[in-house]
Amino acid sequence: MDTQQQLDDFQRRIDNGEKIEPKDWMPERYRKQLIRIMSQHAHSEIVGMLPEGNWITRAPSLRRKVALLAKVQDEAGHGLYLYSAAETLGISRDELVEQLLDGTAKYSSIFNYPTLTWADMGAVGWLVDGAAIINQVMLTKTSYGPYARAMVRICKEESFHQRQGYEIMLALANGTEAQKQMAQDALNRFWWPSLMMFGPRDEDSPNTEQSMKWKIKKKTNDELRQQFVDQTVPQADILGLTIPDPDLKWNEERGHYDFGEIDWEEFWNVVKGNGPCNLKRLEDRNAAWDNGAWVREAAVAHAEKQAAKRVSKSA
Amino acid sequence: MNKDWPIWEIFIRSKNGLEHRHAGSLHAADAEMAIQNARDVYTRRQEGVSVWVVESKHITASNPEKSGELFEPAKDKVYRHPTFYDLPDEIKHM
Ligand SMILES: [Fe+2]
Ligand SMILES: [Fe+2]
């Protein structure tokens, strides 16, 4: 059991802006909360490869193809940085992977929406990576050292993701009438799910208060969401596309955009596993894992054989 | 599963003349694969010209609870720093 003295000392370190490192004492709840957040984050990077991977072979030009391929590969890297960082908290990679494959772990609900047209590659890069960047920039200052370091690395790589997406949107928005419509349709479908990426409203987010106190997060879900809307509206204007929200308007007094209510029923429904692609995503991850089993086994067999050779040589 | 794939710590030299620095960790079946994976995971944008990999279990770390007795003795040894010594202003570069 964590003693009050330990908890107070820990809080003092946090308040002083100190970073917590893997071998430092930490409250059990801090550890648990971090494992939950970091593993969800890692899983999101991994599952996030699927909706975009869907379009790699059908990219309209070589330029778009190499960009998308590089982006998806980056997301695999992000997943790996985050799994490694989570492992420093005493959970194994096996456990983490298992929790994803058996459906007990969550990942960002945005990836449970289908990518129906090429324009969705634009919308995903622009909006989904855009939203992720806002969250991740905040997390570069998180109190847990390994998480913060992974975030710095990730943020450096993210900005090209958003730019390549926006460039796709720009090309379509300035293209033929059909292309422009395709871009608008992608924005229509991805706008609200992107706002949902920031999670429930502050008053419905039971973990927020504690994670702010421990400086795991420095901003609330609603603050981040507002930041995203404020940043994205002018970008939509430049594209000449319309954000599908009749309540969206600049509020002079607040200095922010007001926006309409999110369909929270849809949000919770997708979180609970009933989104359009939840089943498909898990099936695909499980298939990838199962089909890769022989490779993992072969690698171990090879490593053992090489090690045995070295022993017999030195004997 | 990964049970048989140990964790490796990855150190990368970003260019000649600089030291290898810890970049992160990853799982691999053996050292050779650890280098291959480190290439893909940590140097996709020319971040390195050389990689060291070492199995995490071979690293011995100091205990943070003992960091007081380990590192604090250096605290009151200000005379190890040049600014401890008073010299006349005429002495410019010393
Ligand atoms: Fe990412
Ligand atoms: Fe990304």
Side-chain angles (χ1 to χ4, degrees), chain A residues 6 9 13 18-26 69-71 73-88 92-98 101 145-147 149-150 152-154 156-157 160 289-290 292-293 295-310, chain B residues 1-15 18-49 51-72 75:
Chain A
Q6 285 173 311
D9 287 347
R13 293 190 60 194
E18 280 180 51
K19 296 284 180 206
I20 307 304
E21 293 295 342
K23 297 185 96 193
D24 294 353
W25 186 88
M26 63 186 85
L69 199 55
K71 176 188 191 293
Q73 194 188 5
D74 273 353
E75 307 301 4
H78 297 176
L80 294 179
Y81 306 155
L82 287 163
Y83 281 134
S84 300
E87 283 171 87
T88 63
S92 72
R93 180 74 61 97
D94 271 357
E95 290 172 272
L96 291 166
V97 171
E98 235 165 72
L101 296 182
Y147 196 19
R149 289 191 287 276
V152 170
R153 190 178 288 279
I154 286 175
K156 270 190 210 148
E157 300 181 351
F160 117 72
W289 183 256
D290 295 342
V295 180
R296 295 192 296 278
E297 283 158 22
V300 172
H302 176 76
E304 280 167 354
K305 207 163 131 192
Q306 294 301 315
K309 259 191 212 162
R310 270 195 301 277
Chain B
M1 292 254 269
N2 277 329
K3 234 161 245 146
D4 304 310
W5 284 23
I7 303 185
W8 300 75
E9 299 302 325
I10 311 302
F11 299 83
I12 290 174
R13 182 202 294 289
S14 58
K15 59 178 186 198
L18 295 178
E19 71 278 47
H20 285 78
R21 294 187 65 172
H22 186 235
S25 46
L26 49 77
H27 287 266
D30 58 19
E32 203 185 329
M33 185 182 183
I35 288 177
Q36 290 291 330
N37 289 357
R39 197 274 311 259
D40 291 342
V41 177
Y42 292 108
T43 66
R44 287 194 301 283
R45 289 177 178 77
Q46 297 182 291
E47 289 94 335
V49 295
V51 184
W52 287 349
V53 301
V54 58
E55 236 188 287
S56 306
K57 69 174 183 198
H58 296 310
I59 289 182
T60 308
S62 63
N63 179 348
E65 269 140 52
K66 298 249 169 76
S67 61
E69 56 196 79
L70 269 177
F71 304 115
E72 264 164 32
K75 232 187 197 168

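Bear in mind the structure is a predicted one, so any value in this text is a computation, not a measurement. These values consider heavy atoms only, across backbone and side chains, with no hydrogens, waters or symmetry-generated copies. Reminder, nothing fancy here: chain letters follow the sequence lines and each chain counts from 1.
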Please rank [options] by heavy-atom pairs under 4.5 Å with chain B and give me the top one.
options	answer
A:E87, A:K156, A:R149, A:E304	A:E87
A:E21, A:E157, A:H302	A:E157
A:Q73, A:E297, A:H78	A:Q73
A:G77, A:S84, A:S92	A:S84

Compute whether any side-chain donor of one residue and acceptor of the other, for B:S14 and B:E47, lie under 3.5 angstrom apart.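 Their side chains do not contain a donor-acceptor pair, so the 3.5 Å distance test is not met.
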
Tell me, do B:Q36 and B:V53 make a side-chain contact under 4.5 Å, heavy atoms counted?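 No, every pair of side-chain atoms sits at 4.5 Å or beyond.
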
Kindly indicate whether the side chain of B:V41, heavy atoms from C-beta on, has any atom under 4.5 Å from the side chain of A:Y81.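 Yes, their side chains come closer than 4.5 Å.
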
Closest-packed option against chain A by number of heavy-atom pairs under 4.5 Å, given B:R45, B:M33, B:E32: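 Most pairs with chain A among the choices: B:R45.
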
Parallel, tilted or perpendicular: ring planes of B:W52 versus B:H20, cut at 30 and 60 degrees: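 Parallel, since the angle between the ring planes stays under 30°.
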
Engaged part of A:R153 at the chain B interface, taking heavy atoms whose separation is under 4.5 Å: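 For A:R153, the contact with chain B is made by the side chain alone.
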
Could you check whether any side-chain N or O of A:W25 sits under 3.5 Å from a backbone N or O of A:Q6, counting only pairs where one atom can act as donor and the other as acceptor?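 Not a single qualifying donor-acceptor pair exists.
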
Scan for salt bridge (Lys or Arg N to Asp or Glu O under 4.0 Å) pairs involving residues 52-71 of chain B, sequence neighbours excluded, and state none if there are none.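 Listed once each, the pairs are B:E55-B:K57.
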
Quick one: closest heavy-atom pair of B:Y42 and B:S25, and the distance?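 That would be OH-O, 2.8 Å.
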
Could you tell me which portion of [X] (side chain, backbone, both or neither) has an atom closer than 4.5 angstrom to a non-hydrogen atom of chain A?
X	result
B:A23	both
B:A61	both
B:S67	neither

